[in-house]
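Structure first, commentary second.
All values derive from a computational prediction rather than experimental measurement. Any value given below was found using the heavy atoms of this structure, including those in side chains, with hydrogens, waters and symmetry copies removed.
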Amino acid sequence: MKTKFLKIIDLNDYKNIESRGNCQNLFNSYKWLNVINKTYGFNFKVIVSSDNLFFLPFCFIEGEYFSSVKSVPFGDYTLINYSKKELYDALQLLRNTFPKCYIETSIVTKSTPLVDNFISTKYGFLIQIDVKKWKERHRWQETYERNIRNALKYGLSVRINKTVDGIKNFYLLHEKLRVNKFKKIPQPFRFFENIYQEFVANGKGFILETWHREKLVASWFILIHDQVLYYKFGASNSDYLQLRPNDLLFRSLMQYGYDNDFKTIDLGFSGATKSYEGLIRFKSKEGGVKTPIYRIERYPDDFDQNLVLKRNKYLHGITEKAIASGKISVIRETSNRYYGEFA
């Protein structure tokens, strides 16, 4: 058997390798990395195996309090199907290359990954649906089915939008939800513009919308990679939630996946804390199966943990000040200026 080895390559070289069809998922794809790069200026590199079947993208981030190597910021996870040995070797390569940096990646796996010099923590779940098994299923919860029937009875309709206006309308809902409900700064609009250019404009995504007459009440940002539909972002108008627009969107997404021969619906990251239980229940309505997501991280030797507290306090202060202003112009300016530091 030929011995495999790992090497570090630039993003442009990775694009040529990925074009051969060996990339594993959306979040280590060239297109996704390029979105992050164009939005925040992160300089991505990729660890690849000699057979071009194992990829671990990463970027170096020089922070206010300490420097980091992240794989991959603003992605739900980095690896889902992977070689344990190559993952182990890749992380040791990062440790040796960046001995003074905090290093972090996240992987989808059923068992705790064991990597020398690194700590593994289960911090969330990936929920996916096998489209073929979904179609073979004949029964769902009656409450859920009734919600869908009622949504249609109330006059809700579903549309697919692939225009720039669809992105703008989504962002207005997303921005309002992040600020008013979660008290968090949304990602800047240019992030979603870049997603549009990389994915939607190239036939690799769309906005799935629910309308009540001429009022947009819910919007899901769907991305496509290989034979998988990724539900990456969703936002709703809280005044219309009693009409169950998201239940209708969910069923419409499943039907779209089946009608267009997709293999899997990827419903993305859900946290492992109690506050995510409702979201996990929702994502399970169509038969979703959850698999743990583990964060694998390493702090450099003699690292001062107080720097983490100082960084969190700094970012919390930025967020609190912007939200407390009550001015959307201030929130947007803060997002444009600082959001990359939240990576």
Side-chain angles (χ1 to χ4, degrees), residues 27 35-44 58-78 98 100-106 119 121-124 170-195 221 232-236 238 268-279 293 295-343:
F27 301 111
V35 166
I36 306 301
N37 183 40
K38 288 195 295 185
T39 305
Y40 300 110
F42 295 159
N43 182 23
F44 278 100
F58 68 91
C59 62
F60 170 80
I61 303 173
E62 188 172 1
E64 181 77 14
Y65 293 94
F66 56 90
S67 296
S68 304
V69 173
K70 295 290 186 76
S71 173
V72 171
F74 307 125
D76 289 354
Y77 51 87
T78 304
F98 302 96
K100 296 183 179 180
C101 292
Y102 168 75
I103 301 171
E104 177 188 302
T105 190
S106 58
I119 299 171
T121 308
K122 183 170 71 175
Y123 80 116
F170 162 81
Y171 189 75
L172 291 176
L173 284 178
H174 172 76
E175 182 180 58
K176 186 176 181 180
L177 183 69
R178 292 281 294 178
V179 172
N180 294 345
K181 181 177 180 179
F182 298 110
K183 308 300 180 186
K184 292 183 178 180
I185 299 171
Q187 296 217 47
F189 180 65
R190 70 178 186 275
F191 172 66
F192 296 95
E193 284 184 304
N194 288 330
I195 292 178
F221 210 139
K232 185 63 188 89
F233 305 100
S236 311
S238 59
F269 174 85
S270 298
T273 60
K274 192 175 182 62
S275 61
Y276 281 90
E277 289 179 354
L279 180 60
I293 300 177
R295 178 191 292 119
I296 306 176
E297 59 186 343
R298 177 189 182 272
Y299 289 95
D301 297 336
D302 302 322
F303 182 80
D304 182 0
Q305 290 290 338
N306 287 323
L307 294 176
V308 177
L309 299 177
K310 290 179 180 179
R311 176 181 182 271
N312 292 342
K313 183 178 180 181
Y314 164 71
L315 296 176
H316 178 74
I318 289 174
T319 302
E320 192 174 51
K321 183 178 179 180
I323 299 298
S325 73
K327 298 179 180 179
I328 200 65
S329 59
V330 172
I331 293 170
R332 289 176 178 175
E333 181 182 357
T334 301
S335 176
N336 281 317
R337 183 175 179 183
Y338 291 107
Y339 204 92
E341 297 188 32
F342 286 77

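- Side-chain contact between Phe303 and Val308 is present, with at least one heavy-atom pair separated by less than 4.5 Å.
- Tyr77 and Phe27 have their aromatic ring centers within a separation under 6.0 angstrom.
- Taking the ring centroids of Phe74 and Tyr40, they lie under the 6.0 Å cut-off.
- A donor-acceptor pair under 3.5 Å is formed between the side chain of Thr78 and the backbone N or O of Val72.
- Annotation: side chain of Gln305 is in contact with side chain of Tyr299 (closest heavy-atom distance under 4.5 Å).
- With sequence neighbours excluded, the residues that form a ring-ring contact (aromatic ring centres under 6.0 Å, His included) with Phe342 are Tyr339.
- Of the possible donor and acceptor atoms, one in the side chain of Lys70 sits under 3.5 Å from a partner among the backbone N and O of Ala343.
- In this structure, Lys310 does not pair ionically with Glu64, as no charged nitrogen and carboxylate oxygen lie closer than 4.0 Å.
- The ring of Phe233 has its center no closer than 6.0 angstrom to the ring center of Tyr171.
- A ring-centre distance under 6.0 Å is not found for His174 and Phe221.
- Put simply, CZ on Phe42 and CZ on Phe58 are 14.0 Å apart, with the number rounded to the nearest 0.5 Å.
- Not one N or O on the side chain of Ser270 forms a donor-acceptor pair closer than 3.5 Å with the backbone of Tyr276.
- Under a 3.5 Å cut-off, the side chain of Arg190 and the backbone N or O of Thr39 do form a donor-acceptor pair.
- Between Leu172 and Arg332, the shortest heavy-atom distance links the atoms CD2-NH2, 3.8 Å.
- Thr105 contributes atom OG1, which lies 11.0 Å from atom CZ of Arg295 (distance to the nearest 0.5 angstrom).
- Expressed to the nearest 0.5 Å, how far OG of Ser335 lies from NZ of Lys184 amounts to 13.5 Å.
- Interatomic distance, Asn180 CG to Ser238 OG, rounded to the nearest 0.5 Å: 7.5 Å.
- Contact of the Asp76 side chain with the Lys232 side chain is registered, since non-hydrogen atoms from C-beta on lie closer than 4.5 Å.
- Residue pairs that meet the ring-ring contact (aromatic ring centres under 6.0 Å, His included) test with at least one member in residues 304-336, sequence neighbours left out, are Tyr65-Tyr314.
- We find that Lys274 and Glu277 are joined by a salt bridge, their nearest charged nitrogen and carboxylate oxygen being less than 4.0 Å apart.
- A donor-acceptor pair under 3.5 Å is absent between the side-chain atoms of Thr121 and the main chain of Tyr123, judged by distance alone.
- The backbone N or O of Ile61 sits nowhere less than 3.5 Å from a side-chain atom of Ser68 that would complete a donor-acceptor pair.
- Among Val179, Leu315, Asn336, Ile318, the one residue that satisfies the side-chain contact (heavy atoms from CB on, under 4.5 Å) test with Ile185 is Ile318.
- Annotation: Lys38, atom NZ; neighbour count of heavy atoms from other residues, nucleotides and ligands within 6.0 Å is above 12.
- Taking all atoms of both residues into account, the shortest heavy-atom contact from Leu177 to Gly234 is CD2-O, 4.2 Å.
- Nearest heavy-atom pair, Gly124 versus Phe269, reported as atom, atom and distance to 0.1 Å: CA-CE1, 3.6 Å.
- At a threshold of 4.5 Å between non-hydrogen side-chain atoms, the residues Ile103 and Ser71 do not count as touching.
- In this structure the side chain of Arg178 never reaches within 4.5 angstrom of the side chain of Gln187, judged on heavy atoms.
- Glu104 CD to Ile119 CD1: the interatomic distance, rounded to the nearest 0.5 Å, is 12.0 Å.
- Among all heavy-atom pairs drawn from Pro186 and Ile331, the shortest one is CD-CG2, 3.9 Å.
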